[in-house]
Protein chains: 2
Amino acid sequence: MRILLIEDEADIADALARFLRAQGHAVDHAPDLDSARAALDVAVFDTILLDLALPDGSGLSLLRDLRRGGNRVPVIIATARDQISERIAGLDAGADDYVVKPYDLAEIEARLRAHARRASGDPATESHLGGLRIDRAGARLYRGEAEIRLTSREWALFDALLSARGRVLSKQVLEERLYAFDDAIEGNAVEVYVSRLRGKLGAEAIQTRRGLGYLIP
Amino acid sequence: MRILLIEDEADIADALARFLRAQGHAVDHAPDLDSARAALDVAVFDTILLDLALPDGSGLSLLRDLRRGGNRVPVIIATARDQISERIAGLDAGADDYVVKPYDLAEIEARLRAHARRASGDPATESHLGGLRIDRAGARLYRGEAEIRLTSREWALFDALLSARGRVLSKQVLEERLYAFDDAIEGNAVEVYVSRLRGKLGAEAIQTRRGLGYLIP
DNA sequence: AACCGCCATGCGCATTCTGCTGATCGAGGA
DNA sequence: TCCTCGATCAGCAGAATGCGCATGGCGGTT
């Protein structure tokens, strides 16, 4: 997943970004509203993690602008434990969920997955693909009883393709999904991971559309 | 994408239209409200670029009319850098986004992309053509249950014709659309691909206008 | 009616390009 | 330290493309 993390405190942002990247997500970090808007202009995110107290204003205004513009990306706001009124205002403004600070990393991860799943229109925790059983919430994958282990990049790619199941995703889109701005990528990384995934899942799991992209049928 | 550009200053409109066409979009230009309404009556656009200061009134009234009529096409308004109040009025009237003049071409392209992608995240992206079902976002095409596979050139041609549906595109325009400037092309490549497409889609899918070009009716 | 230009379509071939995969190297975590 | 993962390269195979050539149809013009 590609995540926009809007959080002004550098220490917290760093820790959170590192954690999320370790889970295989692509994280862009914006320390204030301005850079957040800039990032939103040029890229599409799967989820936004929004701290409300920012140096140049409240994250609420950003959220309202997003929703007014018809943007339905899942937004999770972060509030202090005692700011119940802010929390309600956030939900009113169109947030999907909230977490209380200090962040509980595992909780954030769980909520991210839940929202991504909802956004992709697949409420079920388990789905199937050929002989595979997919537990997207738990990020696990089985063939029969045996678990197939994916590395985080492999999972990220698989997840991206799954959330657009039946549609062709171009290499460029996949790249943008897997990598944030800063860690620019070159070469045929996507191809390589497709190849590795096929090695683990079976060649038929991912189809190639020459010149167009890849899809999971 | 098919874009309606509403802008009265001829120089600016020309430059913008040229730029957008070079990006592979179909651009219709309207210099005033009257012709804009006329264009909107006869065609469906994917995006509208709207300058607010027009000779025969403010673009805001057009925008309001559109929204009142239930039209949800993405509208990007252009405002001068200091007209913050206008900007807000525009967003209130139902605009999706704004850009400040003078235009920054790269920024416009980025916003167009963002809106296009957002729209393509919408599952209701299917359209129909005769007995064909077209998933433009997913780059797939069906006749009934069976998928019709197009190669990337075929798809590019089809997509170009679709985005100007109902209008005739000359061979030259199509050539420019299919091929980057660098690899100039000669011969009857467009004719050949039209022929191949007809083979896959059915002969009636693409009409010939002798001496003028092709269109999808 | 005859002509001429434009277009359609088929076949075949050479070339280009895309995608696949095994291998290697370095970095960072366990 | 060792080991896993990620990034990148290079070579190969096969698909897609471009294009020549040829035939035949259609339309408008003279």
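On a predicted model such as this, the values are computed, not experimentally measured, just so you know. We use all heavy atoms of the structure for the numbers below, so side chains are in, but hydrogens, waters and symmetry mates are not. Throughout, protein chains are lettered first and strands after them, A, B, ... in sequence-line order, and every chain is numbered starting at 1.
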Requested in this report: Take the protein atom CD of Glu175(A) and the nucleotide atom P of dA7(D), then report the distance between them rounded to whole Å.
Outcome: 11 Å
**Report entry** Sub-4.0 Å heavy-atom contacts from residues 199-206 of chain A onto DNA chain C, ordered by number
**Finding:** none
Considering only nitrogen or oxygen atoms on both sides, find all protein atoms under 3.5 Å from nucleotides 20-24 of chain C and state each distance.
{"unit_1": "dC20(C)", "atom_1": "OP1", "unit_2": "Arg198(A)", "atom_2": "NH2", "d": "2.1"}
{"unit_1": "dC20(C)", "atom_1": "OP1", "unit_2": "Thr208(A)", "atom_2": "OG1", "d": "2.7"}
{"unit_1": "dC20(C)", "atom_1": "OP2", "unit_2": "Tyr214(A)", "atom_2": "OH", "d": "2.7"}
{"unit_1": "dT21(C)", "atom_1": "OP2", "unit_2": "Ser195(A)", "atom_2": "OG", "d": "3.1"}
{"unit_1": "dT21(C)", "atom_1": "O4", "unit_2": "Asn188(A)", "atom_2": "ND2", "d": "3.0"}

Query raised in the report: Are OP1 or OP2 of dG6(D) and a side-chain N or O of Thr151(A) less than 4.0 angstrom apart?
Result: yes
**Report entry** Rounded interatomic separation in angstrom, taking CG from Leu212(A) and P from dA16(D)
**Finding:** 10 Å
Requested in this report: Could you verify whether a donor N or O on one side chain and an acceptor N or O on the other, from Thr208(B) and Arg198(B), lie under 3.5 Å apart?
Outcome: yes
Report task. Salt-bridge test for Asp28(A) and Arg2(A): reply yes if a basic N is under 4.0 Å from a carboxylate O, no otherwise. Result -> yes
Query raised in the report: What's the spacing between Leu129(A) CG and Glu204(A) CD if we round to 0.5 Å?
Result: 8.5 Å
Query raised in the report: Do the numbers put Arg153(A) on top of the ring of Tyr193(A), so that NZ or CZ is under 6.0 Å from the six-membered ring centre and no more than 45° off the axis?
Result: no
**Report entry** Integer-rounded Å distance: dG28(C) C1' and Arg18(A) CZ
**Finding:** 12 Å
Report task. Rounded off to whole Å, could you give me the CZ-to-C1' distance for the Arg209(A) and dA16(D) pair? Result -> 15 Å
Query raised in the report: What integer distance in Å separates Leu157(A):CG from dG6(D):C1'?
Result: 14 Å
Report summary line: Whole-Å distance, Arg153(A) CZ to dA27(C) P, equals 17 Å
Query raised in the report: Would one find a side-chain N or O of Tyr179(A) under 4.0 angstrom from OP1 or OP2 of dA7(D)?
Result: yes
Query raised in the report: Quick one: are Ile76(B) and Ile48(B) in side-chain contact, heavy atoms under 4.5 Å?
Result: no
Query raised in the report: Within this structure, what is the CH2-to-C1' distance between Trp155(A) and dG6(D), rounded to whole angstrom?
Result: 19 Å
Requested in this report: Scan nucleotides 25-30 of chain D nucleotide by nucleotide, 5' to 3', and note B when protein non-hydrogen atoms come under 4.0 Å of the base, S if they reach only the sugar-phosphate, - if neither.
Outcome: BB----
Query raised in the report: Short question: side chain of Glu147(B), backbone of Arg149(B) - any donor-acceptor pair under 3.5 Å?
Result: no
Report task. Would you check if Leu141(A) and Leu201(A) make a side-chain contact, meaning some heavy-atom pair closer than 4.5 Å? Result -> yes
Report task. Please report, rounded to the nearest Å, how far the P atom of dC5(D) is from the CG atom of Leu197(A). Result -> 13 Å
Report task. Answer yes or no: are there more than 12 heavy-atom neighbours, outside Asp11(B) itself, under 6.0 Å from its atom CG? Result -> no
Requested in this report: Could you tell me whether the side chain of His128(A) and the main chain of Ile134(A) form a donor-acceptor pair under 3.5 Å?
Outcome: no
Query raised in the report: Hey, does Val75(A) have a side-chain heavy atom less than 4.5 Å from the side chain of Leu49(A)?
Result: no
Query raised in the report: Any side-chain heavy atom of Asp159(B) within less than 4.5 Å of one from Leu157(B)?
Result: no
